[in-house]
Number of protein chains: 2
Amino acid sequence: MTTLGFALLGLLAREPLSGYDLAQQLKKPVGFFWHARHSQIYPELALLEAEGLVTHRVIDQTDRPDKKLYEITGQGRQVVGDWVTSPLPVPAVRDELVLRAYCVWLADRGRARAMFEEQARIHADSLAHYEAIKAWFEAEHHEQIRDITSPHFAGYAAVMRGVGYEREYTEWCRWVVTMLAAE
Amino acid sequence: MTTLGFALLGLLAREPLSGYDLAQQLKKPVGFFWHARHSQIYPELALLEAEGLVTHRVIDQTDRPDKKLYEITGQGRQVVGDWVTSPLPVPAVRDELVLRAYCVWLADRGRARAMFEEQARIHADSLAHYEAIKAWFEAEHHEQIRDITSPHFAGYAAVMRGVGYEREYTEWCRWVVTMLAAE
DNA sequence: GATACATATGTAGGTATTGACATAGGAGGG
DNA sequence: CCCTCCTATGTCAATACCTACATATGTATC
């Protein structure tokens, strides 16, 4: 089982979805900290089905192409639940912008400043996006987000991480900009 | 040119290093937001040398095996400087712990709480590590960390991100723990 | 003397992911 | 009627990365 497989199971545990739907949800910034292309999703769904973790049925559609609607099985639900608390491998953090910051002393000052200003904008936009989702959760599911057995709590927890992550990232970008702009 | 290639050039722009040294620096948590194994580093160094971005000379050592000391060329310095401000591809954020949080409603409450407590400890340790490096920079290079043409400024900027990242991550883990512990 | 460990450099095989190619039906606009 | 876009499912080749294998020298410990 790959991590992508668990990501798909985690989405299918909430509602039945087609491969196309899953690909939409795993597009940034909707996919909370995991994403994949349809070229990886379709084969992974076939593997999950071969292992008996999901099943599918074809839905005939008149106004658009037919689709395969995937549903999680009881076994799939068990597998993803066990995976959540299984030993976590050391996370592989890779951030190209931080790496670039580490090399910024070799770059042109003005161009570097422009780049970090743009990145600050991008992350501020992303932050606004997450904060909107957070507000939506609090308005629409103010009860369920306190119930840890509810998928809404889990979604809210992921969004909380998105807010914190992007807030810190935006602040750091702005700090770099002020340093590059100083004097 | 791969991102790893730029990472190696960024390190070699500071001082000549062997492949082994580079592998040590790119081990977590020393490698600030980029890491690689020696099995990837050695071939990459050969590619960089073939492109004329680095050169190497063999250093004879008596107390340990001989080593190849790599030095960046003028062209290599130019290439990495240009790369820093080149268009940045959309970052591919993948965080398995956040994905697990998104699925935590399917898991055992006690086990989940224990896992997030452990993760909080891990990230708190990492935060302490980054804060120690930050303090070292401020004590040893309090002048250079304000000079954007200095590698110390660049290193300080990367560490600042490490501090912010791990601080936020630790706080989020603790928030999840309190939610899982409530009632 | 044997064993383990740090230094040092490499290769080989497998997996996860991406980007491009491929097909197809229906909707909407010009 | 053509072109574009959204929906929908798939394959293929290339790449980035990891795990494991492979070798060699010197030091420290049992």
Side-chain angles (χ1 to χ4, degrees), chain A residues 1-9 12 16-28 30-31 33-51 54 56-70 83 88-96 99, chain B residues 1-8 12 16-28 30-31 33-50 54 56-70 87-96 99:
Chain A
M1 279 293 301
T2 67
T3 310
L4 173 61
F6 293 116
L8 299 180
L9 290 178
L12 292 174
L17 294 165
S18 68
Y20 185 83
D21 295 331
L22 288 162
Q24 296 297 316
Q25 293 216 25
L26 288 177
K27 270 183 191 167
K28 275 168 299 174
V30 181
F33 293 86
W34 207 267
H35 62 93
R37 308 297 167 101
H38 74 273
S39 57
Q40 200 185 359
I41 291 169
Y42 288 120
E44 189 69 36
L45 280 170
L47 290 175
L48 292 176
E49 187 152 43
E51 291 173 51
V54 301
H56 88 266
R57 60 200 157 98
V58 177
I59 304 291
D60 292 343
Q61 297 184 123
T62 52
D63 57 333
R64 54 185 65 176
D66 298 348
K67 66 174 176 181
K68 295 182 177 177
L69 197 68
Y70 284 87
W83 162 76
L88 185 70
V90 204
V93 183
R94 281 196 179 91
D95 191 316
E96 188 170 326
L99 181 59
Chain B
M1 279 290 303
T2 67
T3 309
L4 173 61
F6 292 116
L8 299 179
L12 292 173
L17 294 166
S18 69
Y20 185 83
D21 296 331
L22 288 162
Q24 295 298 315
Q25 293 217 26
L26 289 177
K27 271 183 191 167
K28 276 169 299 177
V30 181
F33 293 86
W34 207 266
H35 63 92
R37 307 297 169 101
H38 74 275
S39 58
Q40 199 185 358
I41 291 169
Y42 288 119
E44 189 69 35
L45 280 170
L47 289 176
L48 292 176
E49 187 153 43
V54 301
H56 87 267
R57 60 200 156 97
V58 177
I59 305 292
D60 291 344
Q61 297 184 123
T62 53
D63 58 332
R64 55 184 64 175
D66 298 348
K67 67 175 174 181
K68 295 182 177 177
L69 197 68
Y70 284 86
L88 185 70
V90 204
V93 183
R94 281 198 179 89
D95 191 315
E96 189 171 325
L99 181 60

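Just the heavy atoms: all of them, side chains too, but no hydrogens, waters or symmetry mates, feed the values below. Order of the sequence lines fixes the chain letters, A, B, ..., with proteins taken first and strands second; residue numbering starts at 1 for each chain. Note that the structure is a prediction, hence the values are computed from the model and not measured.
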To the nearest angstrom, the OH-C1' distance between A:Y42 and C:dA20 comes to 16 Å
Of all heavy-atom pairs linking B:Y20 and B:Y42, the shortest is N-OH, 3.5 Å
Quick check: do B:V54 and B:L17 have side-chain heavy atoms less than 4.5 Å from each other?
no
When you compare the side chain of A:L9 with that of A:M1, does any pair of heavy atoms fall below 4.5 Å? yes
Per nearest nucleotide of DNA chain C, the residue lying toward the 5' end, A:M1 or A:H38, is A:M1
Assign each of A:S39 and A:R64 the nucleotide of DNA chain D bearing its closest heavy atom; nearer the 5' end lies the nucleotide of A:R64
Output for pair (B:E44 CD, B:H38 NE2), nearest 0.5 Å, gives 15.0 Å
Under 3.5 Å: donor-acceptor pair, side chain of B:R94, backbone of A:H35: yes
Between CD1 of A:I41 and C1' of C:dG19 the distance, given in whole Å, is 15 Å
To the nearest angstrom, the CD-C1' distance between B:E44 and C:dT11 comes to 16 Å
* Kindly say if B:R94 contacts the phosphate of C:dT17, meaning a side-chain N or O under 4.0 Å from OP1 or OP2. => yes
Look at the rings of B:Y70 and B:H56 and say which category their plane angle falls in: under 30° parallel, 30 to 60° tilted, over 60° perpendicular. tilted
Nt span of DNA chain D in reach of chain A heavy atoms at under 4.0 Å, 5' end first, is D:dT7 to D:dC18
Check your understanding: Is the distance from OP1 or OP2 of C:dG19 to the nearest side-chain N or O of A:R37 less than 4.0 Å?
Key -> yes
Which part of the nucleic acid, if any, lies within reach of A:H56 when heavy atoms closer than 4.0 Å are counted: base, sugar-phosphate only, or nothing? nothing
If the cut-off is 4.0 Å, is A:Q40 near the phosphate of C:dT17, judged by side-chain N/O to OP1 or OP2? yes
**Prompt:** Do A:K68 and A:L45 have side chains that get closer than 4.5 Å, going by heavy atoms?
**Reply:** no
Of B:D66 and B:P43, the one whose nearest nucleotide on DNA chain C sits closer to the 5' end is B:D66
In whole angstroms, the gap separating C1' of C:dG28 from CG of A:D63 amounts to 14 Å
In whole angstroms, the gap separating C1' of C:dG10 from NZ of B:K68 amounts to 9 Å
From CG of A:D60 across to P of C:dG26 the rounded distance in Å is 12 Å
